[in-house]
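First the structure, in the form of C-alpha cells, and then the observations on it.
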Amino acid sequence: MGRSSAHTARAGRVALIGRPNVGKSTLLNALVEERIAITSHHPQTTRDSVRGVLTRGDVQYVFVDTPGLHEPRTQLGRRMNEAARRAMRESDVLVLIVEAPRGARLPAADDADLAILAELPKLPTILAINKVDRLNDKSVLLPLITLLTERHEFAATIPLSAKLADGMERLLEETRSLLPEQPPLFEADTLSDQPVRFFVAEFVREQILRQTRQEVPHGVAVSVLRFDEARKIPLIEVGVYVARQAHRKILIGAKGRMIKSIGTAARIRVERMLSRKVRLELRVHHAPGWMDDAAQLRELGFGGPDGP
C-alpha cells in the first residue's frame with residue numbers, strides 16, 4: 001500500500017538515557033504500550049539495552065532503554081555504562097530523562113545529571129522531566145529547566161509522567177520531526193528485535209527483584225540454558241546465579257516455596273508473550289564473584305568491554 005506523497009517516511013533509534021531510577025524503563029513501556037522492559041524499585045534494574053519498536057503510519061520509532069549511568073564499582077557496572085554509551089552513539093535521537101523534584105524541595109540539577117549532560121554526543125536531544133505527577137505546582141520546574149538548558153541546547157523540553165503515560169503524545173510528536181527520513185527498520189508489527197530468550201531471562205530476574213525485596217538485590221544473574229520447542233509444551237531451563245551462598249538459600253526458600261513462586265509468576269509472563277503454555281524450570285547456582293569475573297560475565301551474556 002503506497003504512502004501519501006504529503007508525508008515522508010521517517011524511522012530511527014531513540015536512546016532513553018539518564019541516571020538509575022529516573023523511570024527510563026517505565027517510559028519505554030508507556031511509549032510502546034506494552035510492558036517489555038522490567039521494572040522494580042531497585043536502582044540499576046536495567047542491565048542491558050532493551051529495544052521497543054513503535055510503528056505509527058509512516059513513522060517508526062525504535063526506542064532503546066539503557067542502563068542508568070552511574071559510578072561503577074564492579075566490572076558488571078562498567079559494562080552496563082558502556083552499553084548505555086554505545087546505545088547513545090548508535091542512536092539518531094536522544095531523550096535525556098531527569099526527575100522532577102520531590103514535594104517542597106527546591107528544584108536543583110543533580111550532579112549526576114550534569115555529568116551526563118557533559119558527555120552527550122552531538123545528536124538532537126530532548127529533555128524529558130519525569131515524575132511531574134508528584135508536583136502540585138509545575139511552575140517550580142522552571143529554575144531546573146533554565147539550569148539544564150543553559151548547559152545544553154535541547155530540541156524540546158517536555159514535563160511528563162511515565163507512570164501515568166501523561167505527555168507521551170507530545171514526546172512522540174517532538175521526536176518524530178527529529179528522526180531521519182528513511183524507510184522502516186523493522187516490520188510494522190514488530191514490538192522488539194530482541195530474542196525470546198532475552199525476555200524469558202528478564203522476566204525471571206524481574207520476579208526475583210520483586211519477590212526478594214532488599215535481600216537479593218543485584219548479586220543475581222539469569223541465563224536461559226535450554227529452550228526445547230520440539231515438545232508439545234516447550235521446556236525452558238533457566239539458570240539463576242547468585243554471588244553469595246546465603247542468597248541461594250533465600251531464593252530457594254523454605255521447602256522451595258520462594259523459587260516456585262518466582263517461577264510461576266515468570267512463567268505466566270512468558271506464556272502471555274508467546275501465547276502458549278510453557279514449562280519453566282529454574283535452577284539456582286552459587287557463582288561467587290561473578291560481577292567482577294570476566295569469564296563468568298561473558299558466559300552470562302554480558303560480553304566483553306565492547307559489548308557481546
Side-chain angles (χ1 to χ4, degrees), residues 10-37 39 43-46 48-56 59-70 80-81 83-100 109-110 112-133 138 141 144-145 147-180 185 191-193:
R10 291 179 182 267
R13 290 176 172 80
V14 183
L16 309 178
I17 57 174
R19 55 191 166 83
N21 252 25
V22 293
K24 297 181 296 296
S25 299
T26 304
L27 180 58
L28 172 69
N29 293 342
L31 287 164
V32 300
E33 298 179 352
E34 194 76 46
R35 204 157 65 88
I36 61 170
T39 59
Q44 297 165 29
T45 296
T46 303
D48 204 345
S49 298
V50 182
R51 295 180 292 278
V53 182
L54 175 67
T55 305
R56 282 200 175 178
V59 183
Q60 188 174 79
Y61 308 82
V62 182
F63 291 108
V64 186
D65 176 23
T66 63
L69 287 160
H70 64 290
M80 286 163 60
N81 276 349
R85 292 185 172 111
R86 187 167 61 247
M88 280 199 278
R89 293 192 299 269
E90 294 173 353
S91 291
D92 302 293
V93 179
L94 306 177
V95 177
L96 174 64
I97 302 156
V98 302
E99 274 187 309
D110 188 283
D113 291 334
L114 296 178
I116 294 169
L117 264 185
E119 65 167 298
L120 290 179
K122 293 190 184 305
L123 289 170
T125 305
I126 292 171
L127 173 63
I129 303 177
N130 191 23
K131 307 185 185 180
V132 297
D133 50 289
K138 293 184 177 55
L141 293 173
L144 175 62
I145 292 170
L147 196 154
L148 293 172
T149 52
E150 281 174 352
R151 300 284 186 105
H152 191 88
E153 188 178 338
F154 294 101
T157 298
I158 305 171
L160 55 83
S161 169
K163 182 179 166 185
L164 302 179
D166 182 28
M168 300 304 104
E169 288 305 319
R170 170 133 188 256
L171 181 55
L172 290 172
E173 187 184 317
E174 295 288 357
T175 305
R176 181 194 180 284
S177 63
L178 302 173
L179 292 174
L185 305 174
L191 180 61
S192 177
D193 65 328

In chain order, what residues pass the side-chain contact (heavy atoms from CB on, under 4.5 Å) check against Pro124, with sequence neighbours excluded? Leu178
As a quick check of understanding, evaluate side chain to side chain contact (heavy atoms under 4.5 Å, CB included) for Val59 and Leu179, giving each step before the final call. CA-CA 9 Å; Val59 183; Leu179 292 174; 3.8 Å; yes
Euclidean distance, Thr26 OG1 relative to Lys131 NZ, rounded to 0.5 Å: 7.5 Å
Which pair of heavy atoms, one from Asp92 and one from Gly12, lies closest together, and at what distance? OD2-CA, 3.2 Å
Does any pair with a residue in residues 19-33 pass salt bridge (Lys or Arg N to Asp or Glu O under 4.0 Å), and if so which ones, sequence neighbours excluded? Arg19-Glu99, Arg19-Asp110, Arg19-Asp113
Tightest non-hydrogen contact, residues Ser25 and Thr39, listed as CB-CG2, 3.8 Å
With sequence neighbours excluded, residues passing side-chain hydrogen bond (donor to acceptor under 3.5 Å, both in side chains) with Asp166: none
Working to the nearest 0.5 Å, report the span between CD1 of Ile126 and OG of Ser177. 7.0 Å
Nearest-0.5 Å distance that lies between atom OG1 in Thr157 and atom CD1 in Ile145: 6.0 Å
With sequence neighbours excluded, what pairs up with Arg151 under the salt bridge (Lys or Arg N to Asp or Glu O under 4.0 Å) test? none
Compare every heavy atom of Val64 with every heavy atom of Ala87, then report the nearest pair and how far apart it is. CB-CG1, 4.0 Å
Least distance between heavy atoms, Pro159 atom then Arg170 atom: CD-NH1, 4.2 Å
Working to the nearest 0.5 angstrom, can you tell me the gap between Leu31 CG and Leu54 CG? 7.5 Å
Look at atom CD of Glu153 and say whether more than 12 heavy atoms of other residues, nucleotides or ligands are closer to it than 6.0 Å. no
Could I get the full list of salt bridge (Lys or Arg N to Asp or Glu O under 4.0 Å) partners for Asp193, not counting sequence neighbours? Arg51
Residue pair Asp48 / Pro67: nearest heavy atoms and the distance that separates them: N-CG, 3.9 Å
Look at the aromatic rings of Phe154 and His152 and report parallel, tilted or perpendicular, splitting at 30° and 60°. tilted
Only counting residues at least two apart or in another chain, list the ones meeting salt bridge (Lys or Arg N to Asp or Glu O under 4.0 Å) with Arg13. none
Run the salt bridge (Lys or Arg N to Asp or Glu O under 4.0 Å) test against Glu169 and tell me which residues pass, sequence neighbours left out. Arg56
Who are the side-chain hydrogen bond (donor to acceptor under 3.5 Å, both in side chains) partners of Asn81, not counting sequence neighbours? His70
Should Leu94 and Leu123 be marked as a side chain to side chain contact (heavy atoms under 4.5 Å, CB included) after you check the CA-CA gap, both sets of side-chain angles, and the distance that decides it? CA-CA 7 Å; Leu94 306 177; Leu123 289 170; 4.1 Å; yes
side-chain contact (heavy atoms from CB on, under 4.5 Å) partners of Thr55, counting only residues at least two apart: Val53, Gln60, Ala188
When you look at Leu120 and Ile17, which way does the side chain to side chain contact (heavy atoms under 4.5 Å, CB included) test go after all the steps? CA-CA 10 Å; Leu120 290 179; Ile17 57 174; 3.3 Å; yes
Atom pair CG (Leu171) and CD1 (Ile97), whose distance is rounded to the nearest 0.5 Å: 8.0 Å
Here's a test for you: under side chain to side chain contact (heavy atoms under 4.5 Å, CB included), which of Leu16, Val95, Val50 qualifies with Phe63? Leu16
Can you pull the salt bridge (Lys or Arg N to Asp or Glu O under 4.0 Å) pairs that have at least one residue in residues 59-70, sequence neighbours excluded? none
Going by side-chain contact (heavy atoms from CB on, under 4.5 Å), name the residues that satisfy it together with Arg89, two or more places apart in sequence or in a different chain. Glu82, Arg85, Arg86
Hits for side-chain contact (heavy atoms from CB on, under 4.5 Å) against Glu34, two or more places apart or cross-chain, chain-then-number order -> Val32, Ile36, Leu191
Atom pair OG/CE of Ser161 and Met168 - distance to nearest 0.5 Å: 7.0 Å
Taking all heavy atoms of Val14 and all of Ser91, pick out the closest pair and write down the distance. C-OG, 4.3 Å
